[in-house]
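The block underneath contains the structure these notes are about, expressed in structure tokens.
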Number of protein chains: 2
Amino acid sequence: MDVQRLELLRELADRGSVTAVALATHRTPSAVSQQLKVLEREAGLPLTQRQGRGLVLTDAGRALARSATDVAVSLAKATALWDEFRNLATGEVSLVTFPTAGQMLLPGVIKHLRPDLVLNCADEDPELSDFPAFTAEYDIVLAHSMSGQLSWAGRGLKVVPLMTEPLDVGLPVGHPLADRTWVRPSDLIGETWIGVTEGYPFERILHAIEQEAGARLSMSQRFADLALIESFVIAGLGIALVPRYTSGGGQPGRLVLKPLRGIESERQIVALMRPDRAERLAVRTVIESLRREASRVQQSQTAK
Amino acid sequence: MDVQRLELLRELADRGSVTAVALATHRTPSAVSQQLKVLEREAGLPLTQRQGRGLVLTDAGRALARSATDVAVSLAKATALWDEFRNLATGEVSLVTFPTAGQMLLPGVIKHLRPDLVLNCADEDPELSDFPAFTAEYDIVLAHSMSGQLSWAGRGLKVVPLMTEPLDVGLPVGHPLADRTWVRPSDLIGETWIGVTEGYPFERILHAIEQEAGARLSMSQRFADLALIESFVIAGLGIALVPRYTSGGGQPGRLVLKPLRGIESERQIVALMRPDRAERLAVRTVIESLRREASRVQQSQTAK
DNA sequence: CACGTCCATGTAGTTAGCCTAAACAGTTCG
DNA sequence: CGAACTGTTTAGGCTAACTACATGGACGTG
């Protein structure tokens, strides 16, 4: 019933290997192994079992790891409480984001943060990696999903919605649809598309357009980087689905955005966290700042 | 943010002195003092302050102690969970009761308990001592209160209602009211009463009778022990307010119970626990058994 | 099929942290 | 004023968790 040992079990559940846990907790694998063994003896039933050269949790181990999370949460609440008493939301907070969200939100957030609260940011390509898994490494993970679709439910992570961003159709100036105020799926038949990489969330909306319009879209290129996609659109090589608030920043006036009607076309930007980390005062402060910044961006954009 | 230290702070909040904490946790006062000092240094703000020769918590200390309870609860839940996995509700559970509840419930409970779950019982006089305070010493505290009146709210204790027991008017055989099916407050004017000790919960109902009947009751004796009261009633020295399910056991047929109408005359029997202890599997098992036994008693009595 | 690699886990030695013991200091009361 | 309480300090021992190193399976490869 030792908390440190429970925490180790929890880390094992999250990271999947003794070595990874050891690395993350600044210990030798031997120390981790020993402590887990003690925990197992205390529990009186096997919590782990070998699988190949690795180690996996048993059902009992997983259940215990889950309740270890509750312990970690209440402990984090306690430390947050006394941070509030001293009212200093200080310390370091780490964050990963996908590029567009970082570009849209982070500069504003960092500008308004107290100097003694350092926010360490990094970016990752959302389609290359399992974003929820980053919650083991980073305090805050900015991720996006299509509306309604909660791809990271049930993992026991805390999900804080920050904003919903419409996805518009990006056109080059002079395009036949460029003087419309909005477009429908049926308008888009026959166009050449600059697509996103396979598996990217935008993909679903393109499929929805195909279903609605009753025709397949021709997809000439597939890119992950938004700026690259835009440059292709501007060059007249095709049209693309782009997030409204983060598009056209590089070459203003040369890219035309048209709202898409007849289909729900938006993405949700959320913050993902391990529940215990979400309780930290410094983390909560950053989240609050993110929410403010997000609504500020949304306000200023809809005002246009 | 060490759990053991938080636990110590919590104990200090509950018990009020370093020595008491040391005694309860099988340590020397020195050890407790040192750990509290470390905690205070970690917290960065004073958690305790001297008062006379004793020690009291500051506001911050109390707040931290409260969140320490949450930690203790989640930890207890974790250990309970793994006890469930091994499904052995084993170990020791301690319990205090006031005499009548113990007489009514405990034999039946202990009879149905697994032999490897030892229940250590004790009784205390409810008016002599602060019952909620016993939760520091015992896992389960059986207490009673008048209906509606929750004298132990807000202390952060877990309260589990077990049963409500009517309080009847006890009469000697041959008493003028003995052939009635029930009595009203106005019927009781002019009687001599055998009362309970000052401050006892029954007191409130006697006052309510006085208010309803519009006259003061004459109280000749004041006892705490029920059997003593009954013997006085049987001897014709007065009438008394007695709990229905636990009266007349000693000398059956010589005491007559009459329901009291026109006034709510009942007491609630509840179990009081520290919230963390309430989570222990063994404790939960005992509580469940108490509830079953209570409803069994209530069933068999109302069937008469 | 032997070899290197990658895991997890034993073993021995070191160290850090928590405890006891005993002396000390402030407060209350007879 | 001293006896009997409080809680605190200091010194020192012991437990327990860590590191370093060695061991033993499991996987992939030349």
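The analysis underlying the following values was restricted to heavy atoms, covering all of them including side chains, and did not include hydrogens, waters or symmetry mates. Residue numbers start from 1 in every chain, and the chains themselves are labelled A, B, ... in the order their sequence lines are given, proteins ahead of strands. What you see is a predicted model, and the numbers here were worked out from it, not measured in a lab.
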Over how many whole Å does the gap from [X] atom [atom1] to [N] atom [atom2] extend?
X: A:L12; N: C:dA8; atom1: CG; atom2: C1'; answer: 11 Å
X: B:Q35; N: C:dT20; atom1: CD; atom2: P; answer: 10 Å
X: A:D2; N: D:dA16; atom1: CG; atom2: C1'; answer: 11 Å
X: A:R53; N: C:dT9; atom1: CZ; atom2: P; answer: 15 Å
X: B:R41; N: C:dC18; atom1: CZ; atom2: C1'; answer: 13 Å
X: A:Q34; N: C:dC7; atom1: CD; atom2: P; answer: 19 Å
X: A:K37; N: C:dT11; atom1: NZ; atom2: C1'; answer: 14 Å
X: A:R50; N: D:dG25; atom1: CZ; atom2: P; answer: 10 Å

Main-chain N/O of [Y] paired to [X] side chain as donor or acceptor, under 3.5 Å:
X: A:T25; Y: A:V21; result: yes
X: A:E40; Y: A:T48; result: yes
X: B:R15; Y: B:A136; result: yes
X: B:R277; Y: B:T135; result: yes
X: A:D83; Y: A:A89; result: no

Could you grab the distance from atom NZ of B:K77 to atom CG of B:D276, nearest 0.5 Å is fine?
-> 11.5 Å
By nearest-heavy-atom nucleotide on DNA chain D, the more 5' of A:Q4 and A:G52 is A:Q4
Note: contacts of residues 15-33 of chain A with DNA chain C (heavy atom, under 4.0 Å) are A:S17, A:V18, A:T19, A:P29, A:S30, A:S33
Does B:Q51 get its side chain close enough to the base of D:dT6, under 3.5 Å, for a donor-acceptor pair?
-> no
